[in-house]
Amino acid sequence: MVSRVIPVDTFDLVIFGGTGDLARRKILPGLFRRFIAGQMTGESRVIGAARSELDDAGYRDLVCEAIAEFGGAEKDSGRLEEFLARLHYVPIDATGEGGWSDLRDLMRDGVVRAFYFSVAPSLFGALAERLHSNDVAGPDARIVVEKPFGRDLGGARELNATLASHFDERQIYRIDHYLGKETVQNLMAIRFGNVLFEPLWNSHYVDHIQITVAETVGVGGRGSYYDKSGAMRDMVQNHLMQLLCLIAMEPPSQFEADAVRDEKLKVIRALQPVEPHQIVRGQYDAAAGAASYREDAENPRSFTESFVALKLGISNLRWAGVPFYLRTGKKLKARSSEIAVVFKDLPHSMFEGDEKRHRNILSIRLQPNEGIDLQVTIKEPGPGGMRLVDVPLDMTFADALGDEAEAPDAYERLIMDVIRGNQTLFMRGDEVEAAWRWTDPIIEGWEARSDVPKLYEQGSSGPEDAQMLIHRDGRRWRDIRG
Ligand code: NAP
């Protein structure tokens, strides 16, 4: 099935940090794919900005190399030159005064103006202020800001206040690329677009919910950055929290930015505080030929966690008593992200001799092989009575809907949403602050207790204590499968 591509309005997108890793790996190859897909109209332009002294030709060379490295199949489309012709470059230091008038002269009236802050968060304030004071942005401009959005509540508030002094909330797009994933949006389509699930989506029918984001990579290469953050700040406060919100929120009155974000915010506000026995931190150990976390982080005394597993509860009518188990970590046995809704056992089985516990499980796979799978119980084929067996009703999107390559990746989709002016899949300032308000006491508790993370074997499912966290409730984690 060929996906329908709706062109967006003509835009000028300025990428501050246009020479950096994120721009080269994700943003620019993504824009190229949208260009090929026909979504970027003829007059739209991309303007790179950073301190490096490049001209348009030099920037086009840099982007050409980035697309050769990260562009996927589209790099051979024969349309690269056409795309490169839409690129420009202005040397600008976010903290200096040079270059701003050149940028202002380059911007056009009557097209969407968007500014992607793909630079360190410490530069967000300087950029916002200079965009404003040099009259580059305009009242309808949009700004896109990357994670991390603060490293605690105080930092997030400060950042929100800085941005708010120059831009309205409706102009600010805080990216969490998990929200741009096809399956994450499908989660909402499944919940709210089918009559089947919503009546069961509550404590009467759901036994528990698991959210797993497992990676096989370590922190090597970005160890010193990661060591100041850790899995709680880097993954749980944002990505896992966003997934939790979408799974747990009440149906919004419409699929519209503030209606969705209001409901997500209510979930975060209803989260119960996490007691120390409800959370396990881990750090990957050295393995044959592979460095330990501490070696990768170049910090022999690091207490930073590369793994977190936690159990949490939501204080509202829908979810009272239903545990949510979340875990994320690095150097685990497979790269796999999944949300699993595990339904309760049948109150009575009429099938004599059937002692096995059969459960319906709705599993939403974010990676790899984005798709949805519903475990159902059926009769084992053949004679010999009613023996029951659990089988998956599997819907891998690539199989069901055609070439997966046609689905835009998360960054592509989110950038196009910025141009459309659709904030539904972006975090609002109060949401981010509420998530930090819940996260901060957990981290402060670790710091106050000088909590030492448990070591775990590389290629495992995390520390033994993480198994105990769920086993003592008579439940088990789902296997981490790639
Ligand atoms: P990076 O590779 O270090 O690139 C930083 C960019 O900022 C470069 O283009 C650099 O170019 C520019 N820059 C630095 N100082 C500047 C200044 N004073 N004025 C103007 N430009 C300046 O960083 P990155 O990995 O691309 O990350 C960018 C942002 O995205 C960060 O906030 C990061 O946390 C976030 N992020 C990154 C990833 C990722 O996968 N890389 C994922 C999620 C979030 P010059 O040196 O030429 O100025």
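All ligand and atom numbering here is 1-based and tracks the order in the structure.
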Problem set entry | Closest protein heavy atom (residue, atom, distance) for atom 4 (O) of ligand 1 | Gly20 CA, 3.3 Å
For this session: List the closest protein heavy-atom neighbour of atom 22 (C) of ligand 1: residue, atom name, distance to the nearest 0.1 Å.
Result: Arg51 NE, 3.9 Å
Exercise. For atom 6 (C) of ligand 1, what is the nearest protein heavy atom, given as residue, atom name and distance?
Worked result: Gly17 CA, 3.6 Å
Exercise. Which residue supplies the protein heavy atom nearest to atom 25 (O) of ligand 1, what is that atom called, and how far is it?
Worked result: Asp21 CB, 3.5 Å
For this session: Applying side-chain hydrogen bond (donor to acceptor under 3.5 Å, both in side chains), run through Arg261 and Gln423 and close with a yes or a no.
Result: CA-CA 9 Å; Arg261 298 187 301 177; Gln423 291 184 304; 3.3 Å; yes
Exercise. Which of parallel (below 30°), tilted (30 to 60°) and perpendicular (above 60°) describes Tyr226 and Tyr293?
Worked result: perpendicular
For this session: Could you tell me the residue and atom name of the protein heavy atom closest to atom 47 (O) of ligand 1, and the distance to it rounded to 0.1 Å?
Result: Ser52 OG, 2.5 Å
Problem set entry | Test item: Asp176 and His239 side chains (from C-beta on) under 4.5 Å apart, heavy atoms | yes
Problem set entry | Passing candidate, salt bridge (charged side-chain N to carboxylate O under 4.0 Å, His left out) with Glu305, options Arg233, Arg281, Arg294, Arg327 | Arg281
Exercise. With a cut-off of under 6.0 Å to the ring centre and 45° to the axis, is Arg79 in cation-pi contact with Phe35?
Worked result: yes
Exercise. Any non-hydrogen atom of Arg24 lying under 4.0 Å from ligand 1?
Worked result: no
Exercise. For ligand 1, which atoms have a heavy atom of Pro148 less than 4.0 angstrom away?
Worked result: 34 (O)
For this session: Please determine, by modelled atom types, if Asp285 and Ser292 share a side-chain donor-acceptor pair under 3.5 angstrom.
Result: no
Exercise. Is there side-chain contact between Ile92 and Leu103, with at least one heavy-atom pair below 4.5 Å?
Worked result: yes
Problem set entry | Atoms of ligand 1 close to Arg25 [distance to a heavy atom under 4.0 angstrom, numbered from 1] | 39 (C), 40 (O), 41 (N)
Exercise. With atoms numbered from 1 as shown, which atoms in ligand 1 lie under 4.0 angstrom from a non-hydrogen atom of Asp93?
Worked result: 17 (C), 18 (N), 19 (N)
Exercise. Taking the six-membered ring of Phe149, is NZ or CZ of Lys147 closer than 6.0 Å to its centre and within 45° of its axis?
Worked result: no
Problem set entry | pair Ile47-Ile15: side-chain heavy atoms closer than 4.5 Å | no
Seminar exercise, completed: Quick note on ligand 1: atoms under 4.0 Å from a heavy atom of Pro121 include exactly 32 (O)
For this session: Identify, for atom 19 (N) of ligand 1, the protein heavy atom at the shortest distance, and state residue, atom and that distance.
Result: Ala94 N, 2.8 Å
Problem set entry | Aromatic ring proximity, centroids under 6.0 angstrom, Phe16 and Tyr116 | no
Exercise. So between Glu146, His177, Lys147, Glu53, whose heavy atom ends up nearest atom 33 (C) of ligand 1?
Worked result: Lys147
Exercise. Which protein heavy atom lies closest to atom 29 (C) of ligand 1, and at what distance to 0.1 Å?
Worked result: Val119 O, 3.5 Å
Exercise. Does some side-chain heavy atom of Tyr325 sit less than 4.5 Å from a side-chain heavy atom of Ile211?
Worked result: no
Exercise. Against heavy atoms of Ala50, which atoms of ligand 1 measure under 4.0 Å?
Worked result: 9 (O), 11 (O), 21 (N), 45 (P), 47 (O), 48 (O)
For this session: Measure from atom 24 (P) of ligand 1 to every heavy atom in Ile15, Thr95, Ile92, Leu22 and give the option owning the shortest one.
Result: Leu22
For this session: List the closest protein heavy-atom neighbour of atom 9 (O) of ligand 1: residue, atom name, distance to the nearest 0.1 Å.
Result: Thr19 OG1, 2.6 Å
Seminar exercise, completed: Under 4.0 Å between heavy atoms, the region of Leu123 that gets near ligand 1 turns out to be side chain
